[in-house]
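The shown structure was predicted, so the numbers you read here are calculated from the model rather than taken from an experiment. Throughout, a chain's letter reflects where its sequence line sits, starting with A, and its residues are numbered from 1.
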There are 2 protein chains.
Amino acid sequence: MKTDLRVMKTKEALQEALLTLLKNKPLELISISELCRKAKVNRGTFYFHYGQIEDLYEDYFREIMRDLANCYQEPYRHVVKLKTSELDPKTIKVFHHIEKYKPFYRIVFSKNMPLTYYYLLFEEIKNLFTKDREVNYQVDNTINSEYFSSYQANAILGMIIQWSMNDFKQPASFLNEQLVKIINLEV
Amino acid sequence: MKTDLRVMKTKEALQEALLTLLKNKPLELISISELCRKAKVNRGTFYFHYGQIEDLYEDYFREIMRDLANCYQEPYRHVVKLKTSELDPKTIKVFHHIEKYKPFYRIVFSKNMPLTYYYLLFEEIKNLFTKDREVNYQVDNTINSEYFSSYQANAILGMIIQWSMNDFKQPASFLNEQLVKIINLEV
DNA sequence: TAATTTATAGAACAGCTGTATAATATTTAG
DNA sequence: CTAAATATTATACAGCTGTTCTATAAATTA
């Protein structure tokens, strides 16, 4: 029981229409009606597959998340045991990933976007931290690892939020340097 | 030129109607029409003052932010020079503040809420960190203080996000302990 | 290929949105 | 207290939303 060809065709049409419309206006200003007109898909059909435009956007989102996962794994391909103090800024690729998909993240971090996307991003980065810790080192076992990952992941997201507020003006390399300095800071 | 009495009356009516409606359904399900019917205010009048329901909600929001500011300042009333390693978990009050306004924050952190509120919270906490640093200690001056504050503020928000995902089950004191442990962790 | 399943189109409906205008009521300022 | 300023109401309108229904087209399966 494979995916129905009709469904694929419909979804592709909607995807493409969305990306086209996104070139001219932000996500929150695109109506379902407009999208369907553009895609030549009946509005009822849209509702058959999705609930809101955001759900459609999510497909695109997940694709980019895959790229993020790859980017983040990067440092571990070079160094076996990771000590932050010797971590080369260049080996962290998260900020470069963001820079690469700048127009996309501009949307994700815009004020009107629902928290959903932020949470997806959060979960993605959190998982990477959790995985990292399992592989590379142990911490004080009275520390709850769920909260620890959340702390770390969102700290980085904090820098990214700030970066987006600065309209991504600084180069990714600058963010990297700052991150390494902050992590190595004695408290 | 004081605030027009009519305006005050209208805004109060809308505020009250909103809080009433919020008892039965989440913010995103409350329509402007419904709100105005409840408040006995003309829909046009609503648009005269606000753009969306969220703008109305923001008044309420700012009130709670004031409480947060007070809570956070708390530790500095006891200790003059703050060293995290000796910071008593009990002296940090942020988590208690969240716990106190649990129903409110449940809304703020729900998936459909726009990022706006998150950003307001973020700015609030960030400012407190910035102020703290100005008063209490200096850091490596090659570290950009804007990004450093963002890192720290959002790290705490990360724990709060996780907490909200756990439906605020753990007591605030647990979050406090975890935070102190994490901060004092040698990297 | 034929029968069955399932996606899509088209149309209709009540309710919401955002905007605009004119008439009216309330408030403020002189 | 009066005149000017301004907030509120009532009404209307085009367009969007979410849902439901029937007929039709397309794909899967046996």
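Straight-line distance from the OH atom of A:Y47 to the P atom of D:dG18: 4 Å, rounded to whole Å. Whole-Å rounding puts the A:F48 CZ to C:dG10 P distance at 17 Å. Rounded to a whole Å, the CD atom of B:E12 is 12 Å from the P atom of D:dT8. For the pair A:F46 CZ and C:dG10 C1', the computed distance is 18 Å after rounding to whole Å. Nucleotide C:dG18 holds its C1' atom 13 Å from the CG atom of A:L29, rounded to whole Å. Taking atom CZ on A:R37 and atom P on D:dA14, their separation rounds to 15 Å, with Å as the unit. Nucleotide C:dG18 holds its P atom 12 Å from the CD atom of A:E28, rounded to whole Å. As a whole-Å value, the separation of A:K11 NZ from D:dA26 C1' is 17 Å.
A distance of 9.0 Å separates CG of A:L29 from CD of A:E34, quoted to the nearest 0.5 Å. A distance of 11.5 Å separates CD1 in A:I125 from OG1 in A:T130, rounded to the nearest 0.5 Å.
Residue whose closest nucleotide on DNA chain D sits further toward the 5' end, between A:S31 and A:G44: A:S31. Mapped onto DNA chain C by nearest heavy atom, B:E34 and B:K9 fall at different nucleotides, with B:E34 at the one closer to the 5' end. If B:I32 and A:R43 are placed on DNA chain C by their nearest nucleotide, the residue sitting closer to the 5' end is A:R43.
A:K40 comes within 4.0 angstrom of the backbone, heavy atoms only, and of no base.
Between C:dA12, C:dA9, C:dC16, one nucleotide has an atom nearer to the side chain of B:S33 than all others, and that is C:dC16. Among D:dT17, C:dT28, C:dT17, the nucleotide with an atom closest to any side-chain atom of B:L5 is C:dT28. The B:R6 side chain lies nearest to D:dT6 when the options are D:dA10, D:dT6, C:dA7. When distances run from any side-chain atom of B:N42 to the nucleotides D:dT11, C:dA7, C:dT17, the shortest one goes to D:dT11.
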Checking side-chain hydrogen bond (donor to acceptor under 3.5 Å, both in side chains) for the pair B:Y147/A:Q170: CA distance, chi angles, key distance, verdict?
CA-CA 11 Å; B:Y147 282 106; A:Q170 296 88 351; 2.9 Å; yes
Would you check, one step at a time, whether the test salt bridge (Lys or Arg N to Asp or Glu O under 4.0 Å) holds for B:K181 with B:E177?
CA-CA 6 Å; B:K181 276 181 188 165; B:E177 285 158 22; 5.5 Å; no
Please lay out, stage by stage, how A:N154 and A:Y118 fare under the test side-chain hydrogen bond (donor to acceptor under 3.5 Å, both in side chains).
CA-CA 10 Å; A:N154 217 45; A:Y118 188 85; 2.7 Å; yes
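Comparing the helix axis at one end of the helix from C:dT1-D:dA30 to C:dG30-D:dC1 with that at the other, each defined from 5 consecutive pairs, gives an inter-axis angle of 40° (nearest 10°).
Note: A:F95 and A:W163 have perpendicular aromatic rings, judged against thresholds of 30 and 60 degrees for the angle between ring planes. Note: A:F104 and A:Y57 have parallel aromatic rings, judged against thresholds of 30 and 60 degrees for the angle between ring planes.
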Quiz: residues 44-55 of chain A side-chain donor-acceptor pairs under 3.5 angstrom, not counting sequence neighbours:
unit_1 : atom_1 : unit_2 : atom_2 : d
A:Y50  : OH     : A:D59  : OD2    : 3.4
A:D55  : OD2    : A:G51  : N      : 3.0
A:D55  : OD2    : A:Q52  : N      : 3.2

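Not one side-chain nitrogen or oxygen of A:T45 sits closer than 4.0 Å to the OP1 or OP2 atom of C:dA7. Here B:H49 reaches the OP1 or OP2 of D:dT8: one of its side-chain N or O atoms lies under 4.0 Å away.
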